[in-house]
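Beneath this line is the structure, given in structure tokens, with notes to follow.
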Number of protein chains: 2
Amino acid sequence: MKGKRPHLSITDSSEEPLTGAVEDYLKAIYALGRGSVSVATNDIAQRLDLTPASVSGMVRRLAGHGFLSYERYRGVTLTDLGRRAALRTLRRHRVIEAYLSGALNYPWDRVHAEAERLEHAASDELVDRMAAAIGEPLTDPHGAPIPSREGDMDETEYLSLAELGAGYGARVVRVSDEDPEMLRYLGELQIMPGAELIVISKAPYEGPIALAVSGTMLAIGPQLASQVMVEPLTDLEAPAH
Amino acid sequence: MKGKRPHLSITDSSEEPLTGAVEDYLKAIYALGRGSVSVATNDIAQRLDLTPASVSGMVRRLAGHGFLSYERYRGVTLTDLGRRAALRTLRRHRVIEAYLSGALNYPWDRVHAEAERLEHAASDELVDRMAAAIGEPLTDPHGAPIPSREGDMDETEYLSLAELGAGYGARVVRVSDEDPEMLRYLGELQIMPGAELIVISKAPYEGPIALAVSGTMLAIGPQLASQVMVEPLTDLEAPAH
DNA sequence: AGATTAAGTTAGGCAACACTAACTTAATCG
DNA sequence: CGATTAAGTTAGTGTTGCCTAACTTAATCT
């Protein structure tokens, strides 16, 4: 019996390993549809840096394997099977990120790229050992929640820093993880999960947002601010007007 | 520019990432030929659990990329490029094994399978960080030498326990790593790198070999003994006759 | 409603890898 | 030396995943 490649059969209820490409598609669809909304072919293509034609083909295969429901020209929705697979990959990815950062001192702007490759190769046992070794973290280094072994994830939506009104204080809970350059910059500014800040002022017409971060004054643009998710602090609520 | 797949070009002197399959072939050929001897198609096929036909095809491609020199019907020899690539993969593999064992308490019978997949996904940076984190080990958990970052490896050949004469003492330096069952058994018997033992007697006709291992008496077959590499201890040399 | 455009799809290729079946080369033995 | 056998090769196929080019569907605008 030589042929024991991945080969996804329709009758597989067992947890055969998925190919890296399949995992990437499911992750992307999950991210774009927040798990349940219908997702457009083009958006998947853009996120994965593929052509729409490629996505059309793959999406048909994924639907054939029961990972998503698909009507031509109508977008795509994850099935339960697909959602669970996506969350499993997401857990891998985020545990790996947290481990690289926490145990190997990886700088937070490089964990994403490394995890992106390792998530397809690491076994559940490894991921669980990593999680245990760093104390079962609840989020990755960028503040993204880590799904539980059972596939549950905290889906709380947060306000972005761009939406926060002048005078309000907030704690940073999460930043977008994909742009290393941006992460390095945010790191320099000390804008990272856990940091507390106050919005001093917001210039109109997409102008700079002035902040106080751990005692330091600085200003960032609204585009960057929109990548920073925050939780308003109730004890600093009163606007300064 | 969408097409940035591995796509190995002939003019690549740069270190493009190789595909997992290519790395596996090069590792296998290195292992079979000790790095320089010519290797038979069939042996590669057997080691990788592939058909000889598949190997013929791949070998032609690898030769085209300059990883090995190949004459039809005549076997295959690694070029310098191929040898370096093989040693790079070997380093990854063994550092990962050592790390899993040393930092994550992985049992030594399972590190091989995990490393087999991770070695194709881990970056040099990760491998170097792992090595640093556990004190730059010189061998993996089975005693196999880890190539240096520069691609040098200790190629000392050792005696197998099956070849050691009765009455001799020796230190275990290395055991074969691929059979988890066997590793578990050797572990129970405390036969692992660093252990010291004395050959009490060897029954003729492939009979059992009686040993004293850390004070305990036990006997193993010659087939198993041949998988255990040892270094004779000069201070225990005198046969007990 | 008809035309334009954006979104999505099919058709046709290609590269990597693997397989089976059938053939060829090399080695060996009487 | 010719025949058998072992080793290795080619030919033809299939799957995954990706691409480009050309077409179709759906949405939108006048």
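Here is the naming used below: chain letters follow the sequence lines, and residue numbers restart at 1 for every chain. These numbers were taken from a predicted model, which means no experiment stands behind them.
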Five-pair end axes of the helix from C:dA1-D:dT30 to C:dG30-D:dC1 and the angle they enclose, rounded to 10°: 10°

Among A:Pro137, A:Pro145, A:Pro141, the one residue meeting side-chain contact (heavy atoms from CB on, under 4.5 Å) with A:Arg94: A:Pro145

Sequence neighbours excluded, every pair satisfying side chain to side chain donor-acceptor pair (under 3.5 Å) that has a member inside residues 31-43 of chain B: B:Arg34-B:Glu157

A:Asp152: side chain to side chain donor-acceptor pair (under 3.5 Å) partners, not counting sequence neighbours: none

C:dA18 OP1/OP2 closer than 4.0 Å to side-chain N/O of B:Thr51: no

Side-chain ion pair, B:Arg129 and B:Glu125, N-O less than 4.0 Å: yes

Touch class at under 4.0 angstrom, heavy-atom based, for B:Ala53 against every strand present: base

Most 5' of A:Ser54 and B:Met58 on DNA chain C, judged by nearest nucleotide: A:Ser54

Euclidean distance, atom CG of residue A:Asp24 to atom P of D:dG17 [Å, nearest integer]: 10 Å

Gap between atoms CZ and C1', on B:Arg60 and C:dC17 respectively (whole Å): 13 Å

Separation of atom CZ in A:Arg61 from atom P in C:dT10, rounded to whole Å: 13 Å

Whole-Å gap separating P (D:dG17) and CG (A:Leu50): 11 Å

Side-chain N or O of A:Tyr25 closer than 4.0 Å to phosphate OP1/OP2 of D:dT16: no

B:Pro107 and B:Arg184, any side-chain heavy atoms less than 4.5 Å apart: no

Between C:dA16 (C1') and B:Phe67 (CZ): distance, integer Å: 14 Å

Carboxylate-amine/guanidinium contact B:Arg174 B:Asp140, below 4.0 Å: no

Min side-chain heavy-atom separation A:Leu26-A:Leu18 under 4.5 Å: yes

Where at least one partner belongs to residues 82-107 of chain A, residue pairs that pass ring-ring contact (aromatic ring centres under 6.0 Å, His included), sequence neighbours excluded: A:His93-A:His112

Salt bridge (Lys or Arg N to Asp or Glu O under 4.0 Å) involving A:Asp24 - partner list, sequence neighbours excluded: none

Atom-to-atom span, NE2 of A:His120 to P of D:dT16 - whole angstrom: 17 Å

Can you check nucleotides 1-8 of chain D for protein contacts, nitrogen or oxygen pairs under 3.5 Å, and list what you find?
from: D:dG8; atom 1: OP2; to: B:Asn42; atom 2: N; distance (Å): 2.9
from: D:dG8; atom 1: OP2; to: B:Asn42; atom 2: OD1; distance (Å): 3.4
from: D:dG8; atom 1: OP2; to: B:Asn42; atom 2: ND2; distance (Å): 3.4
from: D:dG8; atom 1: O3'; to: B:Tyr73; atom 2: N; distance (Å): 3.4

